[in-house]
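Beneath this line is the structure, given in structure tokens, with notes to follow.
Since the model is a prediction, treat every value here as computed from it, not as a measurement.
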Amino acid sequence: MEVRGAPAEVLLQRPWLPVSISGCQLLAKSWFGETSYHILLTDVDCVWEERMDSAAIQKRAQELNRRLRAEVKAFFSHLCEVVQPCLTGSDGRPDGEAQISLRRQEDGNISIKLKSELAELPFYWEFHCTPAPVTVVCGQLVRPLLEMSRLLQRQVEQLGGLLGRKDAEIQDYRENGAVLSRERLQTDVFEEKTYREDFMAKALPLLRSERTDALGFDADLQRLYAAVVAQNARKRKLSEEKQAAVASSGAGSVISEVGEDALEDAAGAKMADRPAEQQALPVRSNPAERASSKPKKKKGVGLFR
């Protein structure tokens, strides 16, 4: 039985890439298997997804292409070749005649329609993307972004400390008679509070005025996203291994307890199987009682008086 969609860890490691479909700017991540796929799309206001297995792809392909009688493997590679460049932001398309359009529906879903040519016949496909569950949104987008934000904040703090030490070093040079060869290289002493206030005053207006097509991560943020995801995967793996070790040790103690109970039960069963006369043995008393219970022997008079 084929798994529906990509394994969570596999899709999580895929980057969010900026794409443009019918003038709509989105972030997308996708996974295409042998005969299944899982895609995620977001405009930062909502996250949509669709995951399809082989049986679902076969059914939709026949609904959209009445004359198509081929198995999924026969046309799925063509679908991937046409769609993947669009979902990765690549301009090059293997099929120059492919047409892709996106439509927002009134129920909040989005539909992506594809028209291309397969074996000199029209080939149609549609992605029906619905709002993704909260767990998917948090796992694939929110949690990695929060962790990236914490890492970047730590980097800023370390850079601020480094600038402070550099200022102290420069001041030491000046006190010992060093002078700049070019006056334009002189900088002001770094004050973190002043810098933050000035940065926010200048950066916030620019952020509000940016175009909506500024979505996406640059190369550095993509690497940071990949590093955060990989670290989380290692942590989860170690946690699962630890839980498995604890569970196995707990099972061993349970097995030992069960084994002791089984031995006791087996001993009881053996006693029950013995004949009644063997079971009803007289209870032995202690040595002192045995000695007192024996009759005393009379002293012999002897053969001769």
Using modelled atom types only, decide if a donor and an acceptor are shared between the side chain of [X] and the backbone of [Y] within a distance under 3.5 Å.
X: Ser22; Y: Leu102; value: yes
X: Thr88; Y: Gln84; value: yes
X: Thr42; Y: Val44; value: yes
X: Asn65; Y: Ala61; value: yes
X: Arg14; Y: Lys29; value: no
X: Gln58; Y: Val72; value: yes

Distance-only polar pair, side chains of Glu169 and Tyr173, donor-acceptor under 3.5 Å
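Note: Glu169 and Tyr173 side chains meet the donor-acceptor criterion.
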Do Glu50 and His38 have a side chain donor and acceptor closer than 3.5 Å?
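Looking only at side-chain atoms, His38 and Glu50 do not form any donor-acceptor pair under 3.5 Å.
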Specify the closest pair of heavy atoms between [X] and [Y], including all atoms of both residues, with the distance to one decimal.
X: Gln13; Y: Val229; value: CG-CG1, 3.8 Å
X: Gln231; Y: Arg234; value: OE1-NH2, 2.8 Å
X: Phe123; Y: Leu118; value: CB-CB, 3.9 Å
X: Gln62; Y: Leu68; value: CG-O, 4.0 Å
X: Val82; Y: Ala98; value: CG1-CB, 3.5 Å
X: Gly108; Y: Trp48; value: O-NE1, 2.8 Å

Roughly how far apart are [X] [atom1] and [Y] [atom2], rounded to 0.5 Å?
X: Ile100; Y: Ser20; atom1: CD1; atom2: OG; answer: 11.0 Å
X: Ile170; Y: Glu175; atom1: CD1; atom2: CD; answer: 12.5 Å
X: Lys202; Y: Leu206; atom1: NZ; atom2: CG; answer: 10.0 Å
X: Tyr124; Y: Gln99; atom1: OH; atom2: CD; answer: 9.0 Å

A quick test of your reading: do over 12 heavy atoms of other residues, nucleotides or ligands sit less than 6.0 Å from CG of Asp172?
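Count over threshold, so yes.
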Answer yes or no: are there more than 12 heavy-atom neighbours, outside Glu241 itself, under 6.0 Å from its atom CD?
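Atom CD in Glu241 is crowded, with more than 12 foreign heavy atoms closer than 6.0 Å.
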Partner of Leu87 by side-chain contact (heavy atoms from CB on, under 4.5 Å), out of Leu41, Leu26, Leu40:
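The passing option is Leu41.
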Quick test of your reading of the model: are Arg104 and Asp43 salt-bridged, counting only N-O distances below 4.0 Å?
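Yes, Arg104 and Asp43 are salt-bridged.
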Quick one: do Glu240 and Lys242 make a salt bridge, cutoff under 4.0 Å?
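No salt bridge links Glu240 with Lys242.
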Min side-chain heavy-atom separation [X]-[Y] under 4.5 Å:
X: Leu114; Y: Leu79; result: yes
X: Leu159; Y: Leu163; result: no
X: Ile110; Y: Gln105; result: no
X: Arg182; Y: Leu185; result: yes
X: Asn109; Y: Pro131; result: yes
X: Ser54; Y: Phe76; result: no
X: Leu27; Y: Leu17; result: no
X: Gln140; Y: Leu12; result: yes

Mind checking side-chain hydrogen bond (donor to acceptor under 3.5 Å, both in side chains) for Glu126 and listing every partner two or more places apart, or none if nothing turns up?
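Per chain and number, Glu126 pairs via side-chain hydrogen bond (donor to acceptor under 3.5 Å, both in side chains) with His128.
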Would you please name every residue forming a side-chain hydrogen bond (donor to acceptor under 3.5 Å, both in side chains) with Glu192, sequence neighbours left out?
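Once residues adjacent in sequence are excluded, the partners of Glu192 under the side-chain hydrogen bond (donor to acceptor under 3.5 Å, both in side chains) criterion are Arg196.
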Parallel, tilted or perpendicular: which fits the ring planes of Tyr37 and Trp125, with parallel below 30° and perpendicular above 60°?
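Ring orientation of Tyr37 relative to Trp125: perpendicular.
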Enumerate the residue pairs fulfilling salt bridge (Lys or Arg N to Asp or Glu O under 4.0 Å) with a member in residues 133-159, sequence neighbours excluded, ordered by first and then second residue.
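Pairs touching residues 133-159 that pass the test: none.
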Cluster link Leu204 to Phe199, ILVMFWY, side chain under 4.5 Å:
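Same hydrophobic cluster.
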